[in-house]
Amino acid sequence: MELLLLFLGLFVFLLIKGFVDRNKAKARLIEKLMKSWGAVPEHEYSEEKYRSREYYYEHQYKNAREGEEFLDEITWHDLNMDYMFSLLDANCSAMGEEYLWAILHHLQRRPEQLEEREHIIRYFEENPEVRIKIQTALSMIGRNRKTSVYEFMAQMDNVKRESNLKHYLMLLVMAGGAIITPFHGAVGGGILIVSAVVNIILYFVRKGETSLYFTAMSYVIRMLHHAKELSELKEEGLAGYAEKLHSHIKSLQSLQKGASVVAAQSVSGDMMQLFLDYFRMLFHTDLIKFNRMLDSYFTNKNIIIEVFETIGFLDAMCAIASFRNMVPYYTTPEFTSGKRILAEKLYHPFLEKPVPASIDTEASVLVTGSNASGKSTFLKACALNTILAQTVHTVCAKSYRASYFRVMSSMALADDLLGGESYYIVEIRSLKRILSAITEKDTPVLCFVDEVLRGTNTVERIAASARILYSIAKQNALMFAATHDIELTYMLEDVFRNYHFEEQIHENEICFDYQLREGRATSQNAIRLLALLGYPEEIILSAGETATIFLETGEWRKITE
C-alpha cells in the first residue's frame, strides 16, 4: 500500500512539474518568436538539408501542377536560390519549410493566387497577436533537421504490417504474474520480471523495424493535434483556413483518438515524458496504437496531405511577412501584359549595402563595363526580384511593374569534368535550352546571360553571340545580357538598349560607384590597371600602342620586339 501511495505521489509530482515546465517553455518560445520577427533566420543549413526540402516539391507539389511554370535547375543555381530560401526561412515547422521551398520554384501567373498570398501576409503583419498564436502552435510541431517530413510520410507505404496479438499475449502474461505475486511471491515475481524483460526486448526490436515510420506517424499526430488548435481560431481573416482544417480534423478523428501515445516527446522534453517512455516500453501502448492507426492513415492519406499543405502555406506566409520586415524596403508587384519591366530603386537582397538601380524597358538590354563594376549583380538582382514577384509577391524595390514571365538564366556555368564536356559545350547547351523554351509557350521568357560564349575565341564569339542574342530578342523574350564585347552594342543596337557601369581611377586606386547608366561603356581602363598592379612599363606602353592601332585600323599588328 505504501509503495502504491509513493508511486501515485511521484506520478502527481511529475504531472505538475511537467505542466509547469511546459508553460515555462511556451513563455520562452513566445519571447523568442517576438525577438526573431524581422531578423535574419538563424537556422543552420547543409547541402543535405537543402536537398531534403526537394522531396515534397518534386513528388507532390510539382506533379499536382503539371504544365505550369517552374524554375529549372540551372537558373536556381545561377541565382543562388538556396541562399534566398535561407533568408526567407523564418518558418516554425517542417511543413512551412517544404511549402516555401516549393513555391519559390513555382512562377505564378494567376493573380488570384498571388492576391491570396498577399492577403494572408498582410494579415500576419497587421495582427501580431494572432501570428504569435499560430507560430507557437507551429513551433510545437517543430522542424526536421535533415530529412523531409513529406518523404517520411511517403515511406509509410513500405511499413511492414503486424497483428497486435503478441503484444496482448505478453500483457496477459505480465498481468498473470502480477496476480500470482501476492500468493506465490517468487513465482509471480519471476514471471513478472521475465515478461517485463521480454516485453522491453520485443519493444526495441519492433521499434527498430518501425523507427522511421514511427517518426513519420509521430509528426503527423503532432501536426494534427496543433492543426486542431489552429482550426479553433476565431479570426475573420483566417476563417477559410480554420474551417478547412476543422473539416479535415473531423474526418481524421479515428486516427487521432488515443494517438498521443504514438507522438514523439514534447518540445520541452519534460520529466513526465521520460516517465511515459518507460511506461511504453513495458506495455507497448504506442506499438499497439500504431498498428491500429495504419489502416486509418492510408484511408485518409489525401486529407492528411491537405492538412500538411494548409499549415505549410500559413507558416510560409508568416515567414514572408518576417522577411518584409527584415529588408530595407520592399514593394508589391503590379503585373501588366506584353513584355516590360519598370523597376524603381531595385536592389539585391543578399548585399549588406546594396546600390539600387532603376530600369524601364520593353526592349532587351545589353550591359557593358569592366570586371567588378556591377554588371552581374544587376542582372541577378533583376532576375531574383522577378522570381520573388511571381512567387512570394514581394520585390526588393521602391516600385515594380512588369509582365508575367518565365525566367531562365545562363550565368554561373562551369566545365563538366565528369561528363567530359568543355565550358563552351556546357555554355551552348545552356543557351540552347533558352532558345527552345521561347518557342514552346505563349508566356514571354525573361532571360539573363552573363558574358555570352566566353568559352571560345573572339571572332567566333562575337559572330555567334550577335546572332544568338538577336534571335532571342526578336522572339517572345526579353533578354538581359552582360558583355565585354563592345562590338555587340553596335551590331545589336536596333533590338537592344545599351546600359553600362563604369569605374574611375583616383590617386592610383580604382573606384566603382555601381551606378547603372544609359549607353555603352566608353572607359578603357584595363591597361591602366596593369600599371596600378606594378606591371613593367614596357608592357603597359606597348599594350596601349597596340590597342590604339587596332582601334584606328581594325587590324592587330604583329609583335616583334
Is a side-chain donor or acceptor of [X] paired with a backbone partner of [Y] at a separation under 3.5 angstrom?
X	Y	answer
Gln108	Thr391	no
Ser322	Cys318	no
Thr75	Ser409	yes
Glu58	Glu54	no
Asp315	Asn91	no
Gln256	Ile249	yes
Asn385	Val395	no
Ser296	Leu294	no
Arg433	Ser430	yes
Asn164	Ile288	yes

Does NZ or CZ of Lys207 lie under 6.0 Å from the centre of the six-membered ring of Phe214, at an angle within 45° of the ring axis?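 Yes; both conditions hold, so Lys207 lies above the ring face of Phe214.
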Distance under 6.0 Å and angle within 45° of the ring axis: does Arg292 meet both against Phe290?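 That pair does not qualify as a cation-pi contact.
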For [X], look at atom [atom1] and say whether over 12 heavy atoms of other residues, nucleotides or ligands are found less than 6.0 Å away.
X	atom1	answer
Lys345	NZ	no
Glu112	CD	yes
Lys166	NZ	yes

With a 4.0 Å cut-off, would you call Lys301 and Asp157 a salt bridge?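 A salt bridge is present here (some side-chain N lies under 4.0 Å from a carboxylate O).
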For the residue pair [X] and [Y], is the inter-centroid distance of their aromatic rings smaller than 6.0 Å?
X	Y	value
Phe308	Tyr99	no
His106	Tyr61	yes
Tyr347	Tyr329	yes

Verdict with supporting geometry, Leu255 and Asn300, side-chain contact (heavy atoms from CB on, under 4.5 Å): CA-CA 9 Å; Leu255 180 64; Asn300 296 288; 5.6 Å; no
Is there side-chain contact between [X] and [Y], with at least one heavy-atom pair below 4.5 Å?
X	Y	answer
Asp295	Arg161	yes
Glu162	His167	yes
Pro349	Tyr83	no
Tyr330	Phe323	no
Leu446	Phe480	yes
Arg122	Thr332	yes
Arg117	Ile103	yes
Val327	Thr394	no

Please test Thr136 against Leu33 for side-chain contact (heavy atoms from CB on, under 4.5 Å), starting from the C-alpha separation and ending with a verdict. CA-CA 8 Å; Thr136 302; Leu33 289 171; 3.8 Å; yes
Could you tell me the separation between the [atom1] atom of [X] and the [atom2] atom of [Y], rounded to the nearest 0.5 Å?
X	Y	atom1	atom2	result
Leu107	Leu71	CG	CG	4.5 Å
Asp78	Glu73	CG	CD	10.5 Å
Asn63	Tyr57	CG	OH	10.0 Å

Output every pair passing salt bridge (charged side-chain N to carboxylate O under 4.0 Å, His left out) with a member in residues 98-110, not counting sequence neighbours, ordered by first then second residue.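 Residue pairs with at least one partner in residues 98-110: Glu68-Arg110, Glu69-Arg109.
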For residues 329-338, pull every pair meeting salt bridge (charged side-chain N to carboxylate O under 4.0 Å, His left out), keeping only residues two or more places apart or in separate chains.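 Non-adjacent pairs meeting salt bridge (charged side-chain N to carboxylate O under 4.0 Å, His left out): Glu334-Arg401.
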side-chain contact (heavy atoms from CB on, under 4.5 Å) assessment of His119 paired with Glu115: CA-CA 6 Å; His119 166 70; Glu115 287 167 8; over 6 Å; no
Could you tell me if [Y] and [X] have a donor-acceptor pair between their side chains, going purely by distance under 3.5 Å?
X	Y	result
Tyr56	Glu309	yes
Ser403	Arg340	no
Tyr123	Glu235	yes
Ser399	Thr331	no

Apply ring-ring contact (aromatic ring centres under 6.0 Å, His included) to [X] and list each qualifying residue two or more places apart in sequence or on a separate chain.
X	answer
Tyr404	Phe335
Phe85	Trp101
Trp37	none
Tyr213	none

Where [X] and [Y] come nearest, the two heavy atoms and their spacing:
X	Y	answer
Glu125	Ala321	CG-CB, 3.7 Å
His348	Ala381	CD2-N, 3.7 Å
Ile141	Arg222	O-NH2, 2.8 Å
Leu314	Phe124	O-CE1, 3.4 Å
Ile303	Ser251	CD1-CB, 3.8 Å
Met170	Ser195	CE-O, 3.8 Å

Can you tell me how the ring of Trp76 sits relative to the ring of His105, calling it parallel under 30°, perpendicular over 60° and tilted otherwise?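 Rings of Trp76 and His105: parallel, as their planes differ by under 30°.
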Glu229 and His226: CA distance, side-chain angles, deciding distance, side-chain hydrogen bond (donor to acceptor under 3.5 Å, both in side chains) verdict: CA-CA 5 Å; Glu229 292 180 34; His226 293 290; 2.8 Å; yes
Apply the test side-chain contact (heavy atoms from CB on, under 4.5 Å) to residues Asn80 and Met84: give CA-CA distance (whole Å), side-chain angles for both, the deciding distance (0.1 Å), then the verdict. CA-CA 7 Å; Asn80 196 0; Met84 186 68 247; over 6 Å; no
Show, in sequence, the C-alpha distance, side-chain angles and deciding distance for Arg143 and Asp89, and conclude whether the salt bridge (charged side-chain N to carboxylate O under 4.0 Å, His left out) test is met. CA-CA 11 Å; Arg143 295 163 64 100; Asp89 184 24; 2.7 Å; yes
Passes salt bridge (charged side-chain N to carboxylate O under 4.0 Å, His left out), Glu31 versus Arg28? Steps please. CA-CA 5 Å; Glu31 183 180 2; Arg28 290 194 297 269; over 6 Å; no
